[in-house]
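For reference, positions follow the sequence shown, starting with 1.
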Amino acid sequence: MLTIGMLGGMSWESSAEYYRLANVVVRERLGGLHSAKIVLHSVDFAEIERMQVEGRWDDAGKALAGAAARVEAGGADFLLLCTNTMHKVFDEVQAAVGIPMIHLGDTTAEAIKAAGLTTVGLLGTGFTMDQPFYRERLESHGLRVLLPSIEDRATVHRIIYDELCVGIVRDESRRAYQDVIARFDGVQGVILGCTEIELLITQDDVPLPVFPTTRLHVEAAVERAIRANL
């Protein structure tokens with residue numbers, strides 16, 4: 001089995017879910033006492049979040065590139081960047097390592113297309129929703145990506161950073177997200193485009209198909225990892 005590299009800590013709440021899911025999916029696929037081979041490097045999210053707010057994306061890219069190199073040195077065969085928002089610096093991180101990376105936007109787009117959908121709503125941090133880097137990656141696969149209103153985007157972002165990133169999961173916030181999703185017009189499905197959102201929203205909470213980016217990212221990684229064992 002290949003070793004999955006994970007660059008996480010953004011936030012650690014979601015990175016713990018990455019680790020858990022990877023082991024769950026390996027056990028589902030291989031059975032018995034099998035578990036995933038993982039090298040995980042977790043950064044201090046407070047430092048990265050400060051760079052996000054201050055618009056210091058070059059500094060953030062350099063910090064994550066250095067961390068990615070340490071994951072590679074630890075024996076990873078390929079790498080996951082365990083955050084939607086920081087895929088803004090995906091190219092800088094990929095350039096710093098000699099192992100391949102799996103782009104979270106690509107795995108999400110492939111799942112949407114496999115479901116036969118073309119138009120989806122996107123939930124994520126304000127950075128992910130407002131800036132073009134993530135939508136353009138999805139649109140390069142032929143998808144149409146719609147966003148919530150400015151007010152709804154602010155609500156989604158606030159709940160991520162003020163609650164989910166610090167381990168707070170509230171029914172009231174789940175209802176707020178359900179209301180945001182209900183206000184989408186013309187979408188066939190919804191992308192849960194932030195790793196923490198999956199701690200709050202599941203398919204059971206939404207009448208439209210949802211695409212949990214963390215789960216899809218992990219499933220693609222496990223598929224690549226166990227391919228060497230088949």
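- For the residue pair Asn84/Thr128, the side-chain donor-acceptor check at 3.5 Å is not satisfied.
- Leu7 has its side chain out of reach of Tyr18: every pair of non-hydrogen atoms, C-beta onward, lies at least 4.5 Å apart.
- Smallest separation of non-hydrogen atoms from Phe211 and Ala115: CZ-CB, 4.1 Å.
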- Message: side-chain contact (heavy atoms from CB on, under 4.5 Å) for Glu28 and Val222? Distances and angles first, verdict last.
- Response: CA-CA 11 Å; Glu28 290 172 351; Val222 170; over 6 Å; no
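- For OH of Tyr19, the number of neighbouring non-hydrogen atoms (other residues, nucleotides, ligands) closer than 6.0 Å is 12 at most.
- Linking Ile, Leu, Val, Met, Phe, Trp and Tyr whenever their side-chain heavy atoms come within less than 4.5 Å leaves Met86 and Trp12 in two separate clusters.
- With contacts defined as side-chain heavy-atom distances shorter than 4.5 Å, the pair Met1/Leu30 qualifies.
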- List the steps and the verdict of side-chain contact (heavy atoms from CB on, under 4.5 Å) for Ile99 and Asp77. CA-CA 6 Å; Ile99 55 176; Asp77 292 299; 5.8 Å; no
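- A salt bridge links Glu163 and Arg170; the closest N-O separation between the charged side-chain nitrogens and carboxylate oxygens is under 4.0 Å.
- Scanning all heavy atoms of the two residues, the minimum distance from Tyr134 to Thr108 falls at OH-OG1, 4.1 Å.
- Here the CE-SG distance, from Met10 to Cys82, works out to 7.0 Å after rounding to the nearest 0.5 Å.
- Rounding to the nearest 0.5 Å places CZ of Arg174 at 5.0 Å from CG of Leu200.
- Between Val93 and Leu79, the closest side-chain pair of non-hydrogen atoms falls below 4.5 Å.
- Counting heavy atoms from C-beta on, the side chains of Val120 and Arg144 never come closer than 4.5 Å.
- Atom CG of Leu80 sits about 10.5 Å away from atom OG of Ser15, to the nearest 0.5 Å.
- Of all heavy-atom pairs spanning Ala225 and Ile4, the tightest one is CB-CG1, 4.0 Å.
- Within the model, atoms CG of Asp205 and CD1 of Ile201 stand 4.5 Å from one another, a figure rounded to the nearest 0.5 Å.
- Checked by atom type and distance alone, the side chain of Glu92 never pairs as donor or acceptor with a backbone atom of Ala65 at under 3.5 Å.
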- Message: ring-ring contact (aromatic ring centres under 6.0 Å, His included) for Trp57 and Phe127? Distances and angles first, verdict last.
- Response: CA-CA 11 Å; Trp57 296 102; Phe127 308 109; 5.5 Å; yes
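- Between the Arg135 side chain and the Met129 main chain, a donor and an acceptor come within less than 3.5 Å of each other.
- Cluster annotation: Val24 is not connected to Leu192 through the hydrophobic network of ILVMFWY side chains, with a link wherever side-chain heavy atoms come within less than 4.5 Å.
- Thr85 and Thr125 form a side-chain donor-acceptor contact under 3.5 Å, judged by distance and modelled atom types alone.
- Nearest heavy-atom pair, Gly5 versus Ala76, reported as atom, atom and distance to 0.1 Å: CA-CB, 3.5 Å.
- Listed by first then second residue, pairs satisfying ring-ring contact (aromatic ring centres under 6.0 Å, His included) with a partner in residues 169-210 number zero, not counting sequence neighbours.
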- Message: side-chain contact (heavy atoms from CB on, under 4.5 Å) for Leu146 and Leu122? Distances and angles first, verdict last.
- Response: CA-CA 6 Å; Leu146 304 183; Leu122 173 62; over 6 Å; no
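- A salt bridge is absent between Glu17 and Arg215; no separation between the charged side-chain nitrogens and carboxylate oxygens falls under 4.0 Å.
- Interatomic distance, CZ of Arg158 versus CG of Asp162, reported as 6.5 Å (0.5 Å rounding).
- In summary, Glu110 and Lys113 do not engage in a salt bridge, as defined by a charged side-chain N under 4.0 Å from a carboxylate O.
- His103 has its side chain within reach of Phe90: a pair of non-hydrogen atoms, C-beta onward, lies under 4.5 Å apart.
- No donor-acceptor pair under 3.5 Å is formed between the side chain of Gln178 and the backbone N or O of Val206.
- The minimum heavy-atom distance linking Gly75 with Thr3 is given by the pair O-CB, 3.7 Å.
- Taken from CG in Leu143 to CD1 in Ile191, the straight-line distance is 7.0 Å, to the nearest 0.5 Å.
- Residues Arg137 and Asp106 meet the side-chain proximity criterion, which asks for heavy atoms closer than 4.5 Å.
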- Message: Let's go through Lys62 and Val89 carefully: what are the C-alpha distance in whole Å and the side-chain angles of both, what is the deciding distance for side-chain contact (heavy atoms from CB on, under 4.5 Å) to 0.1 Å, and is it a yes or a no?
- Response: CA-CA 9 Å; Lys62 290 175 184 175; Val89 297; over 6 Å; no
Counting only pairs under 3.5 Å, give me each side-chain donor-acceptor contact of residues 38-55, with atom names and distances, residues two or more places apart or in other chains.
unit_1, atom_1, unit_2, atom_2, d
Asp44, OD1, Ala46, N, 3.2
Gln52, OE1, Tyr161, OH, 2.7
Glu54, OE1, Arg56, NH1, 2.8

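- Aromatic ring centres of His87 and Phe133 lie farther apart than the 6.0 Å criterion allows.
- Checking side-chain atoms of Arg153 against main-chain N and O of Gly126 turns up no donor-acceptor pair under 3.5 Å.
- In the hydrophobic clustering of ILVMFWY residues, with side-chain heavy atoms under 4.5 Å counting as a link, Ile159 and Val166 come out apart.
- Here the closest non-hydrogen pair linking Gly105 and Leu138 is O-CD2, 3.5 Å.
- Looking at Asp152 and Arg183, their side chains come closer than 4.5 Å, going by heavy atoms from C-beta outward.
- Placement of Ile168 and Leu123 in two distinct hydrophobic clusters is found when ILVMFWY residues are connected by side-chain heavy-atom separations under 4.5 Å, directly or transitively.
- Residues Glu198 and Thr214 have side chains that bring a donor and an acceptor to within less than 3.5 angstrom of each other.
- Side-chain contact between Leu81 and Thr83 is present, with heavy atoms from C-beta onward closer than 4.5 Å.
- Side-chain atoms of Asn23 come within 3.5 Å of backbone N or O of Ala36 as a donor-acceptor pair.
- A distance-only check finds a donor-acceptor pair linking the side chain of His217 to the backbone of Ile102 [under 3.5 Å].
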